[in-house]
Amino acid sequence: SGLKREEVFITSKLWNTERGYDKAIASFNKTLENLETDYLDLFLIHWPANEKQFGDEANKINLDTWRAFEDLYKEGKIRAIGVSNFMPNHLEYLLENAEIKPMVNQIEVHPGWPQTEAIRYCQRHDILVEAWAPLGEAAALSNEVLQRIAKKYDHTTAQVCLRWGIQQGILPLPKSVHKNRIEENIHIFDFELTDDEMDVIGSLRNLGGQCKVPDQVDF
Ligand SMILES: NC(=O)c1ccc[n+]([C@@H]2O[C@H](COP(=O)([O-])OP(=O)(O)OC[C@H]3O[C@@H](n4cnc5c(N)ncnc54)[C@H](OP(=O)(O)O)[C@@H]3O)[C@@H](O)[C@H]2O)c1
């Protein structure tokens, strides 16, 4: 690319089979090797160990994994450490027992799947929420309410979805393989949704996306 390493922000995640202190360290080192770099900007635990799969051990497994993240952070190998798909019940135990609290929680948030409680909990604890699938994997884009609001501001439906995230103080992570869409998804700072529009969008349901409940999955 010709870009310097410090011009790129690299996030990676620890996969679910690699939980626990030793495996997390080994997996992180393998990630650095694969990416041919000597540090990550952000590293996340991809999914919490949940009670459905791990019973009473779930919280301890998450903490054991987190200890590895804390040590790698202290060694300067990761600039920021966080989690993904953690709900308040998973975060509570970590916050009570961790030395360094998670800085980021990357969760699914989009119109139709607002995750209000989890967002408020994270914001109370100064944890930045990143929204994955902020367009509901493109399924939200055909919603008529969003389309009407987009027309009013002479923007696109995708931009309205992203703006709705930004105005809640969260960081949407839209994915596109098209240059024009990547540019479009950045241009969301020249209009502002009203409080009513924020509420209307927040009350939409069932627009698509994965809408996974982290405690109910078994992977
Ligand atoms: N932490 C987790 O557990 C987790 C889970 C799933 C995903 N993620 C991450 O979340 C990020 C985004 O999620 P996602 O890709 O699943 O869903 P998304 O960003 O909500 O939607 C992506 C879809 O929307 C289309 N799109 C993007 N911008 C558009 C625009 N301006 N107009 C029209 N269509 C547009 C893309 O098509 P084109 O690419 O063809 O433009 C693609 O089909 C990814 O980086 C992914 O790695 C994280």
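Counting starts at 1 for both ligands and their atoms, following the listed order.
Under 4.0 Å from ligand 1, the heavy atoms of K13 that appear belong solely to its side chain. Here S84 has side-chain heavy atoms under 4.0 Å from ligand 1, and that is the only part of it that gets that close. Contacts between Q159 and ligand 1 below 4.0 angstrom, taking non-hydrogen atoms only, are absent altogether.
Listed by atom number, the atoms of ligand 1 under 4.0 Å from N85 heavy atoms are 1 (N), 2 (C), 3 (O). Close approach of ligand 1 to P174 is summarised as follows: ligand atoms under 4.0 Å from at least one heavy atom of the residue are 19 (O). Close contacts between ligand 1 and P134 involve ligand atoms 19 (O), 20 (O) [criterion: under 4.0 Å to a heavy atom]. Per-residue contacts place Q106 under 4.0 angstrom from the following atoms of ligand 1 (heavy atoms of the residue considered): 1 (N), 2 (C), 48 (C).
The shortest N or O to N or O distance between L141 and ligand 1 is not below 3.5 Å. Checked against a 3.5 angstrom limit, the closest N/O atoms of A133 and ligand 1 fall inside it.
Looking at E184, E130, E108, R181, it is R181 that brings a heavy atom closest to atom 34 (N) of ligand 1.
When each of I127, V104, N62, L91 is paired with V83, the side-chain contact (heavy atoms from CB on, under 4.5 Å) condition holds for L91 and for no other.
Using cut-offs of 30° and 60° on the angle between ring planes, the pair F86 and H90 is perpendicular.
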